[in-house]
There are 2 protein chains.
Amino acid sequence: MVKDSTTEERIVEAARRVFIQKGLSGARMQEIADEAGINKALLHYYFRNKEKLFDHIFEGVVKKIAEGLTLSFGKEMDIYGRLGTVVDVYCDILLENRYLPLFVLNAMNNDPLKFAGVLSENMVPVYGNILEDFRQSAEKGVIRDYDPVHLFLNMLGLIIFPFAMYPMIEKVAPEHIRPFLKNFLESRKEEIKKFLFNALTPLK
Amino acid sequence: MVKDSTTEERIVEAARRVFIQKGLSGARMQEIADEAGINKALLHYYFRNKEKLFDHIFEGVVKKIAEGLTLSFGKEMDIYGRLGTVVDVYCDILLENRYLPLFVLNAMNNDPLKFAGVLSENMVPVYGNILEDFRQSAEKGVIRDYDPVHLFLNMLGLIIFPFAMYPMIEKVAPEHIRPFLKNFLESRKEEIKKFLFNALTPLK
DNA sequence: GTCTATAAGTAGATAGAC
DNA sequence: GTCTATCTACTTATAGAC
């Protein structure tokens with residue numbers, strides 16, 4: 001509980017922690033209130049009900065991810081430079097919060113029609129960009145010929161899945177291998193790029 | 001509700017459907033009872049409480065996955081044949097139930113210490129096998145030189161992640177592209193193998 | 001084994017004082 | 001804005017008849 005911040009900010013931070021870890025149905029308003037150092041009534045004063053609070057958190061999370069990715073799109077690059085940046089930025093985001101993938105997937109799974117709007121609104125500009133790059137690069141022969149959608153999902157899987165698994169790996173890892181785990185996640189960036197680029201580079 | 005099966009069987013089937021879709025905290029005993037065509041009291045008669053019922057379902061799901069994978073390990077093959085089989089079998093399992101990845105990940109996330117035992121007990125024999133194969137093949141130069149653990153996670157990400165995303169894609173897809181979606185998932189098998197093998201095959 | 005009825009506890013939400 | 005106290009509804013779990 002950080003004291004020099006507004007009540008609303010503290011609520012949002014607390015709610016983010018709890019919702020991200022436990023999901024909508026698993027989270028308790030009481031726990032969020034405790035984390036924020038206030039009481040339940042005040043949660044309702046600021047956000048009316050649990051659902052609205054969750055929606056607010058979800059939108060914030062998605063916007064932050066999209067924003068991080070968009071910022072990395074400024075400069076002109078070839079496809080490999082660009083994908084390298086996507087991998088790096090995405091991994092950095094996930095390194096900071098490893099529960100994000102499950103959080104987003106679960107929300108989408110529970111109420112797709114509701115959250116699809118938020119997600120596509122924010123992510124389509126980013127993703128559409130990459131897809132178009134894949135298409136053009138394949139045409140020019142700069143990368144091997146894959147279906148762009150498959151290729152795109154392959155990349156997301158390489159980046160996101162290990163982070164989605166990580167929280168559980170971390171908790172069940174025997175003591176003597178713990179020190180290696182942090183390095184392991186850090187090294188994923190380079191490993192993903194190596195693997196991805198090997199699959200992409202034409203034989204010629 | 002299938003009539004010619006024991007009550008316990010119907011409970012287990014109903015519970016599997018509901019738990020897999022909604023998770024532990026999202027599932028309601030009432031809904032499971034309704035799905036099974038019985039009443040709540042009977043659930044408790046057979047499984048004492050919600051937690052024990054969930055544990056039973058989780059173990060069954062993990063065992064079934066492990067079993068499917070193990071069966072495919074009978075015959076001798078080179079690494080590419082073997083990985084091809086793993087991809088095919090895994091995809092077939094996930095095609096039948098696309099909610100499986102999220103279900104397992106969430107359970108592990110909620111209570112890692114509890115479910116780690118079940119998971120490692122069943123999966124380590126299978127996964128250890130593949131890891132060892134990676135190690136030896138890299139040594140022999142049959143595949144490129146990757147860290148086996150990274151490589152293994154890469155493969156899992158390629159296979160599992162798109163299926164984990166699929167339920168939501170399906171529900172938000174506009175009408176006119178629906179017909180393509182089923183084919184898309186089917187075609188993942190071949191796309192994964194193509195991508196994976198391209199990344200693995202040494203340049204020489 | 002299966003049911004109805006109900007107990008016991010929990011969670012989200014509100015009323016109203018300060 | 002923030003609190004305490006409380007309401008209402010829901011959920012798991014049990015008691016007890018058949």
Side-chain angles (χ1 to χ4, degrees), chain A residues 1-61 99 103 106-107 109-111 114-115, chain B residues 1-61 99 103 106-107 109-111 114-115:
Chain A
M1 167 187 161
V2 189
K3 228 339 189 194
D4 58 340
S5 53
T6 70
T7 302
E8 183 166 344
E9 284 167 351
R10 277 187 292 136
I11 290 176
V12 169
E13 276 167 44
R16 203 172 44 224
R17 278 196 296 275
V18 177
F19 277 134
I20 285 180
Q21 261 244 35
K22 313 208 169 172
L24 175 57
S25 62
R28 295 288 162 257
M29 294 296 267
Q30 185 62 58
E31 190 180 352
I32 295 174
D34 292 345
E35 280 259 327
I38 55 158
N39 61 14
K40 278 189 298 177
L42 214 45
L43 290 182
H44 289 89
Y45 174 79
Y46 278 94
F47 289 93
R48 187 147 193 86
N49 59 40
K50 189 182 182 184
E51 193 185 351
K52 285 199 201 324
L53 178 53
F54 183 87
D55 294 351
H56 183 86
I57 300 300
F58 182 79
E59 190 161 346
V61 166
Y99 295 87
F103 171 73
N106 279 322
N109 197 44
N110 291 336
D111 199 337
K114 176 179 188 176
F115 297 116
Chain B
M1 167 187 164
V2 189
K3 231 327 187 198
D4 58 341
S5 52
T6 69
T7 302
E8 184 167 344
E9 283 167 351
R10 275 186 294 137
I11 289 175
V12 169
E13 276 168 44
R16 203 171 46 223
R17 278 196 296 274
V18 176
F19 277 134
I20 285 181
Q21 261 244 38
K22 314 210 167 168
L24 175 57
S25 62
R28 294 289 163 256
M29 293 296 266
Q30 184 62 59
E31 190 180 352
I32 295 174
D34 292 346
E35 280 260 325
I38 54 159
N39 61 11
K40 281 188 295 177
L42 214 45
L43 291 182
H44 289 88
Y45 174 79
Y46 278 94
F47 289 93
R48 184 141 200 91
N49 59 38
K50 189 183 182 182
E51 193 186 352
K52 285 199 201 324
L53 178 54
F54 182 87
D55 295 351
H56 183 85
I57 300 300
F58 182 80
E59 191 162 345
V61 165
Y99 296 87
F103 170 73
N106 280 323
N109 197 44
N110 292 336
D111 199 338
K114 176 179 186 175
F115 296 117

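In what follows, every chain begins at residue 1, and chains take the letters A, B, ... in the order their sequences are listed. Heavy-atom basis, side chains included; hydrogens, waters and symmetry copies ignored.
Distance, B/Phe19 CZ to D/dT12 C1': 12 Å, rounded to whole Å. Note: CG (A/Asn49) to C1' (C/dA11) measures 13 Å, nearest angstrom. Atom CG in A/Leu43 sits roughly 10 Å away from atom P in C/dG12 (whole-Å rounding). When the P atom of C/dG9 is taken as reference, atom CE of B/Met29 falls 18 Å away, rounded to whole Å. For B/Ile32 and D/dA13, the CD1 to C1' distance is 14 Å, given to the nearest whole Å. When the C1' atom of C/dA13 is taken as reference, atom CD of A/Gln30 falls 13 Å away, rounded to whole Å. Following rounding to the nearest Å, B/Glu9 (CD) and C/dG1 (P) show an atom-to-atom distance of 13 Å.
Within the 3.5 Å criterion, the main-chain N or O of A/Thr6 finds a donor-acceptor partner in the side chain of A/Glu9.
Residues meeting the salt bridge (Lys or Arg N to Asp or Glu O under 4.0 Å) test with B/Glu8, sequence neighbours left out: none. Scanning for salt bridge (Lys or Arg N to Asp or Glu O under 4.0 Å) contacts around B/Glu31 gives B/Lys22, with sequence neighbours left out. Partners of A/Asp111 according to the salt bridge (Lys or Arg N to Asp or Glu O under 4.0 Å) rule, which considers only residues two or more places apart in sequence or in another chain, do not exist here. Listed by chain and number, the residues in a ring-ring contact (aromatic ring centres under 6.0 Å, His included) with A/Phe115 are A/Phe54, A/Phe58 (sequence neighbours excluded).
Across all strands, A/Ala33 comes closer than 4.0 Å to no nucleic acid atom at all (heavy-atom distances).
Applying the salt bridge (charged side-chain N to carboxylate O under 4.0 Å, His left out) test to pairs two or more places apart or on separate chains, those with a residue in residues 39-53 of chain A are A/Glu51-A/Lys114.
Contact between the side-chain N/O atoms of A/Tyr45 and the OP1/OP2 oxygens of D/dT2 is not found at any separation under 4.0 Å. Contact between the side-chain N/O atoms of B/His44 and the OP1/OP2 oxygens of D/dA13 is found at a separation under 4.0 Å.
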Within the sub-3.5 Å range, which N or O atoms of nucleotides 3-10 of chain D have a protein N or O partner, and how far apart are they?
{"residue": "D/dC3", "atom": "OP2", "partner": "A/Asn39", "partner atom": "OD1", "Å": "3.4"}

